[in-house]
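Side chains included, hydrogens not; waters and symmetry mates left out as well; all remaining heavy atoms used. Letters A, B, ... mirror the listed sequences (proteins, then strands); counts begin at 1.
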Amino acid sequence: MLDILLANLLSPIVLAFALGIIARLIRSDLSFPEPLYQALSIYLLLAIGLKGGAELSHTPGAVVLRPALVTLALGMLTPITSYVVLRKIGRMDRINAAAIAAHYGSVSAVTFIAAQTFGQLQGNLAEGFMPALVAMLEVPAIVVALMLVFARSNHHGSWREGLHEVLAGRSVVLLVGGLVIGYLSGTEGLKQVEPFFVSGFKGALTLFLLEMGLVAARRLRDLKKVGTFLVGFGIVMPILHGSLAVVLGHWAGLSVGGSAVLGAMVASASYIAAPAAVRISLPEANPTLYLTASLGITFPFNLALGIPLYFALAQWIGG
Amino acid sequence: MLDILLANLLSPIVLAFALGIIARLIRSDLSFPEPLYQALSIYLLLAIGLKGGAELSHTPGAVVLRPALVTLALGMLTPITSYVVLRKIGRMDRINAAAIAAHYGSVSAVTFIAAQTFGQLQGNLAEGFMPALVAMLEVPAIVVALMLVFARSNHHGSWREGLHEVLAGRSVVLLVGGLVIGYLSGTEGLKQVEPFFVSGFKGALTLFLLEMGLVAARRLRDLKKVGTFLVGFGIVMPILHGSLAVVLGHWAGLSVGGSAVLGAMVASASYIAAPAAVRISLPEANPTLYLTASLGITFPFNLALGIPLYFALAQWIGG
Amino acid sequence: MLDILLANLLSPIVLAFALGIIARLIRSDLSFPEPLYQALSIYLLLAIGLKGGAELSHTPGAVVLRPALVTLALGMLTPITSYVVLRKIGRMDRINAAAIAAHYGSVSAVTFIAAQTFGQLQGNLAEGFMPALVAMLEVPAIVVALMLVFARSNHHGSWREGLHEVLAGRSVVLLVGGLVIGYLSGTEGLKQVEPFFVSGFKGALTLFLLEMGLVAARRLRDLKKVGTFLVGFGIVMPILHGSLAVVLGHWAGLSVGGSAVLGAMVASASYIAAPAAVRISLPEANPTLYLTASLGITFPFNLALGIPLYFALAQWIGG
Amino acid sequence: MLTVTLKLVTIVAERVLQERLLRALKELGARGYTLTEVSGEGSRGVRASEWEGHNVKIETIVSPEVADRIIEHIAEHYFRYYAVIVYAQPVEVVRGDKYV
Amino acid sequence: MLTVTLKLVTIVAERVLQERLLRALKELGARGYTLTEVSGEGSRGVRASEWEGHNVKIETIVSPEVADRIIEHIAEHYFRYYAVIVYAQPVEVVRGDKYV
Amino acid sequence: MLTVTLKLVTIVAERVLQERLLRALKELGARGYTLTEVSGEGSRGVRASEWEGHNVKIETIVSPEVADRIIEHIAEHYFRYYAVIVYAQPVEVVRGDKYV
Ligand SMILES: Nc1ncnc2c1ncn2[C@@H]1O[C@H](COP(=O)(O)O)[C@@H](O)[C@H]1O
Ligand SMILES: Nc1ncnc2c1ncn2[C@@H]1O[C@H](COP(=O)(O)O)[C@@H](O)[C@H]1O
Ligand SMILES: Nc1ncnc2c1ncn2[C@@H]1O[C@H](COP(=O)(O)O)[C@@H](O)[C@H]1O
Ligand code: NA
Ligand code: NA
Ligand code: NA
């Protein structure tokens, strides 16, 4: 376990994330121009879609079915467990609880990528079709969480605009679009773009995590504002959700790598798709709460400690 | 023929273009930051220049001569045929006819690249020096088309500024500059930058076509405004010009791949160099007409159907 | 010697620099969007840091010690020699002399990269830990040069803000950060990001030098304003400093490639870190003088003639 | 040159509102707008974007009546929950009928 | 602080005109300008760029006479065929002689 | 809608000054600002950046007294050595207390 942890902490992507945080702490003028951030995220999302799609094109449907159902079920369940914990234990008002639940039910693509990459290095390759599961996990939780509010009351925000924001949002379009392109053009098609989308991937991810560190560092300033409960929530909830997902993934027939990556996905909290949808649909929810929790607490936790933990657990169960 | 067509339609670059169009249709917020578009086009133009130049450096002049003369001749002829068709059959006024003729005489570098890439996959490699022909095809048509207006009348727009706009425009500078660098530094020089400029090429092109799809979709809205004649013109004219170029290319000694790529080049309509020059020189021409025709009709047509057509024709003649 | 020179002048990176200058001279609209420039410089600095750090991780400390001490010594000496020459021979006022001395004492990362790349092609590989020396050379000279002013007088500019500007400036953060990441994750870690950060390097550098040409061309316009003395200074001083560094590098045990690269580093003048620090600390210094000298004279000189010269010298001494 | 005095209304808002604001402007009678990507700080520290601080500035030249309508609309719908400011200035334009 | 009232002239135009407009400003007596990349919509939907909607905004502080000259020049040369608007506002500046 | 007239102060300065100017604004009493990346030319041709011509434009809505303080501060500290201009205009805002 300890050597898994160390291997993770000394990987270029985790170190790059740390460099980003440090750069901000020493008030460096290092910053990524916004177009570079956008370019990297377009690239990363399309790349994982393409690879996943090409893989799907030669995977029998039966193999994917059970993992897909498990993923969907978790996508419906985790926003509800999050909501209940926030309301009952955290004594949070309904709106903010639902807003945070939407984030923790949905998924962070970068956490997924980091987990997959970590698995590769450990020799615990996840199934190639995992990106399809990411696409499935992204949307339902946000819908469920918003329903928790809109089902009860007539409400300011716009439910339909929020939904459109997720469904036609760039992360879903790129991921699903990449999956379809990869599926249709197949392994042969992927080979043409391999040097760009596959070989360059980990380096681009390193650069992206440097930027993530710069952004997350700004959220760290707000840690005090959000209170101890939310800090604890941002660490404990991922462990619970992640462990459950590892177990269910194993049960659904995923490999050790696959279950661990599913664990990381389910444990992760969205900070791109969910915030945009929630801001539109639940404008009165406080962004400091949900952004700080997902980006300032859960993301760094998963990146540094969570991912090795889910792998250790998956190994223990399935290895 | 049908399998050539299908192979083309299922290539990652065509699918990426389609994804861009769909993203716009579903009103996704996916968009490329302008600097990314510029970076990709700088990269693509310089890359094809470099490859072409390195190839030229070990090609005997005699081999290039006839294809070059054919290209120049087509660059003078196609704006005139376009102009005559627009005036006589389309009953278009002189200014708009000349503006559109400038676009259809000139060349779209992306169509060229797509054709070349398609040839590679089909095992019908075009000659390595084709990029030099692209550079030759870009400028003359615009000059000829502007002369059709300026020869007759004293005129608002600035002829010299328009010409400078093409000659010193970034697409000519990058293409010709790349050719010269490639030529001077030779195969040895190219090898140093190969992983960046050669291996990454098709992936970068895929990304670029996604963006092209986003842009072209905006032009599709204007299809109704431009009328049936121009829609027909944007499909029939490329077929005629392209077929002529395939035949002449074959006659000039080009391989099957080379003739087909020449066909695609000549069939294509410019949407970067020509619009800038025409806007300056013929401000009273209606941009909706020439941009919609070249970007909304001819580019997608060539990408999806034209390129396989020119290859089928070249095969039939020369194979 | 002549063939070394020719090989250098015909390398893609030097030709790309020339293309940038020419594009500006013919008033082309070619320009790099600022985010692309920033992206490339983030990439290049991080990449050389990573490679250097991975190399350091398996280099015995004893091997690095003497070259490091020599580098530090040169970083203290060269601003002083520059200052004295500017004051005594150039009759320049104290403020401008110190400002220029800060630039010539510090280092241009791009010149370093170009020299290292040139060595690779010549088969005269420099030591892998050279990037660590670049990081060491960047800061001291600026401190020394500012002290020459601040030691004597109470002064407008802010000494501490200027220092923070260098130490937490993005070039130092990326270079040192890259070194640390490379060192901690080692050769194994570097391998993961190799296709992105190592294979793509020379191509990205070519693109960057095209942009450098565009920028340097703007400085060339100011050549007349700065006077003959400064033009001479910008050529002679690098030769003197560079030759001294080659000799000392050889003495410190560096290989032929290593001494030559050290020569190029010491000969080079900063145009990113130093200008920012000097503008804050010595606002009354004239930017036209220091920017034109370092970017308009010394950078092109080193790129085209200086680098082959230092290699020829290193070969002659150590080969 | 014959100039007319109209109102330049400027809105600075968090980016997530861009589409809605532009739609609202059109409905309220604006005939055009100019949009700039800006950043900024005000009383609200954070917004729904990992890119906190990134805002859009929307400028539109309109008649005084339309200006009032726009300001009222924004005050009513957005002031409470969103990071947004709005202000107006008189400007002299030529071709006054282009904007009304 | 002694302030003077001058004119701030703002031009929003399609990007292809940038070079020409800056040259014209200089010739008409402007001593400086500030340029912003913007996008926008108005009465003309399309322009000569695959990047429709991308405009430049040019702001220049000038004396009232120069302001009139600039507005007239633009109305005469660009209103007919190009996507361009121009407007003027009074501004208070210090160091008034810097701008005239 | 109840509007109040305040001052919009605009500063255009070379980028190296950004951090200092924002700090100064806060100290002088500004409650917010909007920042745009711009380029420009004026009487000083060159500045300390390979990116000559790149400036920031900082706009802040403040009370007339704070506006005066800002203009004075900038005139005193930056006019001599740096590329910077500053100007002020009256603007009508709603929620006037937000800015003072
Ligand atoms: N006093 C001000 N002057 C100029 N811009 C402001 C001011 N206050 C707020 N802003 C802008 O309006 C946005 C939203 O303001 P707020 O709702 O106060 O956070 C900020 O991000 C700034 O871009
Ligand atoms: N009413 C308006 N308010 C603000 N900006 C406008 C307005 N009308 C036009 N513009 C800007 O001026 C550009 C050219 O306008 P037009 O010639 O009407 O297409 C547009 O793209 C907008 O950026
Ligand atoms: N007359 C002017 N109108 C608008 N902006 C100006 C003017 N003069 C200077 N500027 C802006 O202020 C910056 C600094 O001006 P300067 O100190 O004159 O070089 C320039 O780069 C321009 O962006
Ligand atoms: Na989750
Ligand atoms: Na053509
Ligand atoms: Na030096």
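- Taking both residues in full, the closest heavy atoms of B/Ser28 and A/Gly169 are given as OG-C, 4.2 Å, listed atom of the first, atom of the second, then distance.
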Side-chain donor-acceptor pairs of residues 300-315 of chain B under 3.5 Å, sequence neighbours excluded:
residue	atom	partner	partner atom	Å
B/Asn302	OD1	B/Tyr310	OH	2.8
B/Tyr310	OH	B/Pro238	O	3.4
B/Gln315	OE1	B/Asn124	ND2	3.4

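- Closest of all the heavy-atom pairs between A/Arg170 and B/Asp29 is N-OD1, 2.8 Å.
- Only one option out of B/Leu10, B/Val14, B/Leu9 pairs with A/Leu184 in a side-chain contact (heavy atoms from CB on, under 4.5 Å); it is B/Leu10.
- Looking at A/Leu174, the atoms closer than 4.5 Å to chain B (heavy atoms on both sides) all sit in the side chain, from C-beta outward.
- Between atom CG of residue A/Leu46 and atom CG of residue B/Leu207 there is a gap of 6.5 Å, rounded to the nearest 0.5 Å.
- Heavy-atom minimum distance, A/Gly178 versus B/Leu19: N-CD2, 4.5 Å.
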>> B/Thr206 vs A/Phe196, test: side-chain contact (heavy atoms from CB on, under 4.5 Å). Steps then yes/no.
In response: CA-CA 10 Å; B/Thr206 305; A/Phe196 187 81; over 6 Å; no
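- Taking all atoms of both residues into account, the shortest heavy-atom contact from A/Val193 to B/Lys202 is CG1-O, 3.9 Å.
- With a threshold of 4.5 angstrom between heavy atoms, B/Ala16 approaches chain A through its backbone and through its side chain.
- Annotation: A/Tyr183, atom OH; neighbour count of heavy atoms from other residues, nucleotides and ligands within 6.0 Å does not exceed 12.
- B/Pro12 and A/Gly189 get closest at one heavy-atom pair: CG-O, 3.5 Å.
- In A/Glu188, the CD atom is not crowded: 12 or fewer heavy atoms of neighbouring residues, nucleotides or ligands sit closer than 6.0 Å.
- To the nearest 0.5 angstrom, A/Gln192 atom CD is 4.0 Å from B/Leu121 atom CG.
- Heavy atoms only, all atoms of each residue included: B/Ser31 and A/Ile42 are closest at O-CD1, 4.0 Å.
- Taking CG of B/Leu210 as the reference point, atom CD1 of A/Ile181 lies at 7.0 Å (rounded to 0.5 Å).
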